[in-house]
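Accompanying notes for the structure given below.
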Amino acid sequence: MDWVFKEEHEIFRNQVRQFVEKEVTPYIEEWETQGEIPKEVWKRMGELGFLGVEYPEEYGGSGADFTYTLILMEELARCGAMGFPISVSVHTDMASPYIFSLGTEEQKRKYLPQIIKGEKICAIAITEPTGGSDVAGIRTQAKQYGNCYALHGSKVFITNGVKADIYIVAARVGEPEDQLRHRGISIFIVERGTPGLRIGRKLQKMGWLCSDTAELFFDECIVPKENLLGEEGKGFREIMRHFQRERLVISIISVSASQKVIEDAITYARERVVFNRQLSKFQVIRHKIADMVTYIEAAKRLTYHVAWLFYKGKATDKDVSTVKLFTTEVANRIAYDSLQIYGGYGYMREFPVERFYRDARVLTIGAGTSEIMKEIIAKRLEL
Amino acid sequence: MRIVVIVRQTPDTEAKIKVAPSGDTIDTEGIKWIVNPYDEFAIEEAIRIKEKLGKGEVVLITMGPARCIEALRTGLAMGADNAIHIKDESFAFTDPYALAKVIAQEIKNLGEFNLVLTGKKMIDEETGQVGIHVAEELGIPHVAIVTKVELSSDLTKVTCQKEIEGGQMVVEVPLPALITCERGLNEPRYASLPGIMKAKKKPVKEVTIDNINLEALGLTKEALGPAGARFRVTKLEVPQIQRRLKILKGKQQDMVKGEEVAEAVRELVRLLREEAKVI
Ligand SMILES: Cc1cc2nc3c(=O)[nH]c(=O)nc-3n(C[C@H](O)[C@H](O)[C@H](O)COP(=O)(O)OP(=O)(O)OC[C@H]3O[C@@H](n4cnc5c(N)ncnc54)[C@H](O)[C@@H]3O)c2cc1C
């Protein structure tokens, strides 16, 4: 896909890179300790147009295309903590797209400008304590009363959940039917402060520390009918469709963050001297690095290929699943092998590779596990 | 108010510079190019002046190969209004003398202008001549290496501050004038994504070598290329980096311990400041 990058893409890449170097990386330690990204940073990204890349200008967006989203995510992923690009991408590419693609004109006008400015932060709430892989099995209920729905149930592992202002929530209208379990799933906009919505504790995680993760509880949470997104009962298909962008973006982040880690590992291997020789001169290490570079190159090319298909509107769920599966598994392999190159230092908090090792682990779980990716691929192969 | 900004493109400060096999230039293969950082201060200042006045026009001008369009688009994305690209591959080798003559002519061709801004120097060859020379060609006053710019309310004068050894110097000149910009003048903004998208549609006028009346400038085609430059780079060398290592040791043992720590830290700070000159 390199051939689609023109001068304006390079300008954008330069600008995002400078932003990351000056306004993100120096603060990563602080945000990781606090377990959140400050509100001002969201607003700053809003000013710079990072939160509305592909949305039309009439809502305050930049009217750009997916190639810019790809560049943005690649550059944010180089910041030194994956929680940051993840948190941003949940807002931009996993939650708010529901409003853009399913919302009525009124809903779009009401929410998108604030989302794009970074004044309101979005989260997407699908996973429940009883299961995340089995989306059709969600249990949160939405009972209709006149002009309202009353939501009952709970959600877990919700990224941006502690701080979000707007929750995109999947809930079931009517009783789950055994044969067609995906029927009845509907998508709602639930605003922070809605009576009956309780935001639980900030969950303590292994990685992605600067990205806050919450449990949500809905108890007689009254949502006006205007907050239904799209058609009642048609949510399952929409979730599956929106997963494509989500998974592709996670793949882009995985590849780019891995790439940065390898670059650093190479520098380290050149500088570190053991047995009076540079580490990089030992064949075992050289070959390990060559292997990693090969894997990352393959992952990147596959990602670019599918990103191109996606941009053209031609990526299938099998295409996207192969990318998500491969890139996130590669990231974990790179986390393991890079850390090994650093020896004991790799295990120390001061070294970014230690964080990457923890951050990479969840990549094969969030946004659909590797097993689920394989299930999708196998299903498309009609096995 | 029309503000002209002379912009140039340089290799990225973080680019790995390799000397070309010829030994007199750098290998530009795979190099990332950026807007000359001092010119970025100039662009930023021009946009700020325009924003403050609530009106005006910021015109960028560059002379160089096709790749320089990226520098112009970056400036347009930051907020400049339009640009002029004096374009030829040979212009990568033009010396400051010829460069200034051609650029000055294009500025004259604009008709009216009130202020010309540019960086105090290019970070690549560090000649620092173009801005001053353009002022000469235009017959306007210049103030070099400026850290603060203030226009008079009637827009007839500009007051500039320069850092000088041990103090500051304040200089006032009538407009039109040319100012070369120093670090500290401002903090250049990033081009926002909407800015980048808008910049795609902003006009960039291309001037080719055939559009320039070289004779009138006392120049020839050759004078603009590598062969005709008034100075010749005879050799480029990469300095040998010496690895300097200094270890502060304790009086009794190698390790600095206990009461010695405070003293060692003071010494370390002194060394960082005075010898390594990093703080
Ligand atoms: C840090 C973090 C952030 C998250 N952010 C969000 C968010 O913002 N919004 C949101 O809705 N969710 C979020 N999630 C939830 C995430 O999407 C789920 O964790 C994931 O989909 C898996 O669901 P589960 O944890 O319930 O595991 P389960 O579904 O219980 O799966 C357990 C294991 O069984 C395997 N498995 C399940 N089904 C099959 C099958 N059919 N065949 C073979 N193996 C199978 C799985 O692969 C896994 O290994 C987040 C999770 C984490 C950890």
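Chain letters run A, B, ... following the sequence lines, proteins first, then strands; residues in each count from 1.
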(request) Answer yes or no: are there more than 12 heavy-atom neighbours, outside Tyr345(A) itself, under 6.0 Å from its atom OH? (result) no

(message) Heavy-atom pairs under 4.5 Å with chain B - which of Ala64(A), Gly61(A), Gly63(A), Gly60(A) has more of them than the others?
(response) Ala64(A)

(message) Please classify the contact between Lys198(B) and chain A as side chain, backbone, both or neither, with a heavy-atom cut-off of under 4.5 Å.
(response) neither

(request) Measure the shortest side-chain to side-chain distance between Glu10(A) and Glu70(B) over non-hydrogen atoms and say whether it is less than 4.5 angstrom. (result) yes

(request) Against chain B, label Val53(A) side chain, backbone, both or neither, depending on which of its atoms sit under 4.5 Å from a heavy atom there. (result) both

(message) Would you say OH of Tyr295(A) has more than 12 non-hydrogen atoms from neighbouring residues, nucleotides or ligands within 6.0 angstrom?
(response) no

(message) Ignoring hydrogens, what is the shortest heavy-atom contact between Gly49(A) and Pro194(B)? Give both atom names and the distance.
(response) CA-CD, 3.7 Å

(request) Give a yes or no on whether Glu29(B) atom CD has more than 12 heavy-atom contacts from other residues, nucleotides or ligands under 6.0 Å away. (result) no

(message) Atom CZ of residue position Phe351(A) - does it have more than 12 heavy atoms of other residues, nucleotides or ligands inside 6.0 Å?
(response) yes

(request) Side-chain contact test, heavy atoms from C-beta onward, threshold under 4.5 Å: evaluate it for Glu7(A) versus Thr74(B) and give yes or no. (result) no

(request) Please assess Tyr190(B) against Glu47(A) for the test side-chain hydrogen bond (donor to acceptor under 3.5 Å, both in side chains), listing each intermediate value before the final yes or no. (result) CA-CA 10 Å; Tyr190(B) 310 118; Glu47(A) 268 169 30; over 6 Å; no

(request) Find out whether Lys22(A) and Glu187(B) are in side-chain contact, i.e. whether some heavy atom of one side chain is under 4.5 Å from a heavy atom of the other. (result) yes

(request) Identify the two heavy atoms, one from Tyr68(A) and one from Leu193(B), that lie closest to each other, and give their separation to 0.1 Å. (result) CD2-CD1, 3.6 Å

(request) Take atom CD of Glu237(B) as the centre, draw a 6.0 Å sphere, and report whether it contains more than 12 heavy atoms from other residues, nucleotides or ligands. (result) no

(request) Could you look at Arg13(A) and say if it's the side chain, the backbone, both or neither that has a heavy atom under 4.5 Å from chain B? (result) neither

(message) Please check if the number of heavy atoms outside Lys39(A) that lie under 6.0 Å from its NZ is greater than 12.
(response) yes

(request) Could you pull out all residues at least two apart from Val273(A) that satisfy side chain to side chain contact (heavy atoms under 4.5 Å, CB included)? (result) none

(message) Just verifying a value: how many Å separate Met197(B) CE and Glu8(A) CD, rounded to the nearest 0.5 Å?
(response) 7.5 Å

(request) Output the distance between atom CD1 (Ile11(A)) and atom CD1 (Ile34(B)), rounded to the nearest 0.5 Å. (result) 13.0 Å

(message) Working to the nearest 0.5 angstrom, can you tell me the gap between Ser192(B) OG and Phe12(A) CZ?
(response) 9.5 Å

(message) Which one wins on heavy-atom pair count under 4.5 Å against chain A: Lys32(B), Arg67(B), Arg189(B)?
(response) Lys32(B)

